[in-house]
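Please read these numbers as outputs of a predicted model, since none were measured by experiment.
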Amino acid sequence: MSKTTLPRPDRNLAMELVRVTEAAAISAARHMGTGNKEEGDQAAVDAMRAFLKTVEMKGTVIIGEGEKDEAPMLFNGEEVGTGNGPEVDLAVDPVEGTRLLAEGRPNAISVIAVAEKGSMWNPGQSFYMNKIVVEANARQAIDITKSPSTNLINIAEALDRNVEDLTVFVLDKPRHASLIEDIRQTGARIMLNSDGDVMGALMAAIPGTGIDVLMGIGGTPEGVIAAAAVKAVGGGMQGMRAPQRVDEKRKLREANVDLHEVLSLNDLIRSDNTFFAATGITGTNFLEGVHFDRRGGVTTESIVLRSLTGSIRYVKGIHQLNRRREIGGSLGTTPAHVAMDIIGPA
């Protein structure tokens, strides 16, 4: 290999990245139901950053918390990993569903996606995106430029099912009033969720989860994260920028961005070698939440995906709290150090 050729990820990085999401989930779970979104999110960020330092890669955060502004969040452009190994792009959400976590509601997860360097779409000033996600058998049936009812009819036909048997994941937001009405007119069922459309996209892309389609407007950064998972399982996804804020609309207009552009799965993630890992914080339809037992153990459940092989792994982690390690010469007491004590360094 020449010196100018970058090494391609040749191992399942997601099996290492799942330790990162486990740590973030364990740290965040301590704050479940406290009503404080910031504390749970901060604990997860600290743990995720600490564990990313142990992964053999030269990573750049493409989807994080915006440009660095003295905030301790993982920020766009931040370099992570050991600095050795393959060069990769990362999209992270230490807590997807901070409100769900704070209120003790289902579907909060910790999630990370990785793709080869330069292959991950950077949304720039686009914060909201209209999305549609389905499983592999229906990926040729979707067209986001058509009405929800037309899409549902075509999806049902592709899946050899009745429209009435489909379940659609939609965020419970005022902006979706007409979408919800359109879906109801078809007879399809709806699962409304206040937050968490990465989880919704994941469930829509994997058969047998009880969700057949994701529709509606959610975060653009979350769309890129979801795309890594959808690509890994061979699902179908399309998106269109759908600005919701005045400043967002103004900045996109000034940049001459075409709001009618349809973003395919390959536009969002150009690489065929993507990695995705997610760990349940609060329980989901198919991932258990973090469980602390009376004997000092912690149980986690995660999903690990890789597009190059199409592999899907469910990882059950049983961690012992009493097997603590010293870090830097002293026993760690921060959430990140506690997570490191539980899971252990690389």
Do the side chains of [Y] and [X] get nearer than 4.5 Å, heavy atoms only?
X    : Y    : value
F276 : L202 : yes
S178 : E181 : no
S311 : L305 : no
V111 : V92  : no
R253 : V257 : no
T186 : S149 : yes
T82  : T54  : no
K173 : I217 : no

Those residues that, when tested against [X], pass salt bridge (charged side-chain N to carboxylate O under 4.0 Å, His left out) (two or more places apart):
X    : answer
E288 : K316
D197 : K131
E78  : R49
K37  : none

Tell me, please, which residues at least two apart from [X] pass side chain to side chain contact (heavy atoms under 4.5 Å, CB included).
X    : result
A227 : M237, L265, L268, I269
R105 : L100, E103
D247 : R245, R250
N193 : N107, F169, M191

field: Pair listing, side chain to side chain donor-acceptor pair (under 3.5 Å) test, anchored in residues 150-160, at least two apart
entry: S147-T150
message: Quick test of your reading: applying side chain to side chain donor-acceptor pair (under 3.5 Å), list the pairs with at least one residue in residues 260-269, sequence neighbours left out, ordered by first then second residue.
response: K231-N266, R241-E261, S264-D267
query: Would one find more than 12 heavy atoms of other residues, nucleotides or ligands at under 6.0 Å from atom CD of Q244?
result: yes
message: Surrounding CE of M32 (heavy atoms of other residues, nucleotides or ligands, distance under 6.0 Å), is the total greater than 12?
response: no
message: Could you check whether D272 pairs with R306 (Lys NZ or Arg NE/NH1/NH2 to Asp/Glu carboxylate O, under 4.0 Å)?
response: no
statement: d(T300 OG1, I26 CD1) to nearest 0.5 Å is 5.5 Å
message: What's the separation between atom CG in N130 and atom CE in M215, rounded to the nearest 0.5 Å?
response: 9.0 Å
Nearest heavy-atom pair of [X] and [Y]: which atoms, and what distance?
X    : Y    : answer
A138 : A158 : CA-CB, 4.0 Å
G59  : L90  : CA-CD1, 3.5 Å
I63  : P221 : CG2-CB, 3.3 Å

field: Any pair counted as salt bridge (Lys or Arg N to Asp or Glu O under 4.0 Å), so long as it reaches residues 135-153, sequence neighbours left out
entry: none
task: Only pairs at least two apart or in different chains count here, so list each salt bridge (Lys or Arg N to Asp or Glu O under 4.0 Å) that has a residue in residues 204-227.
output: R161-D212
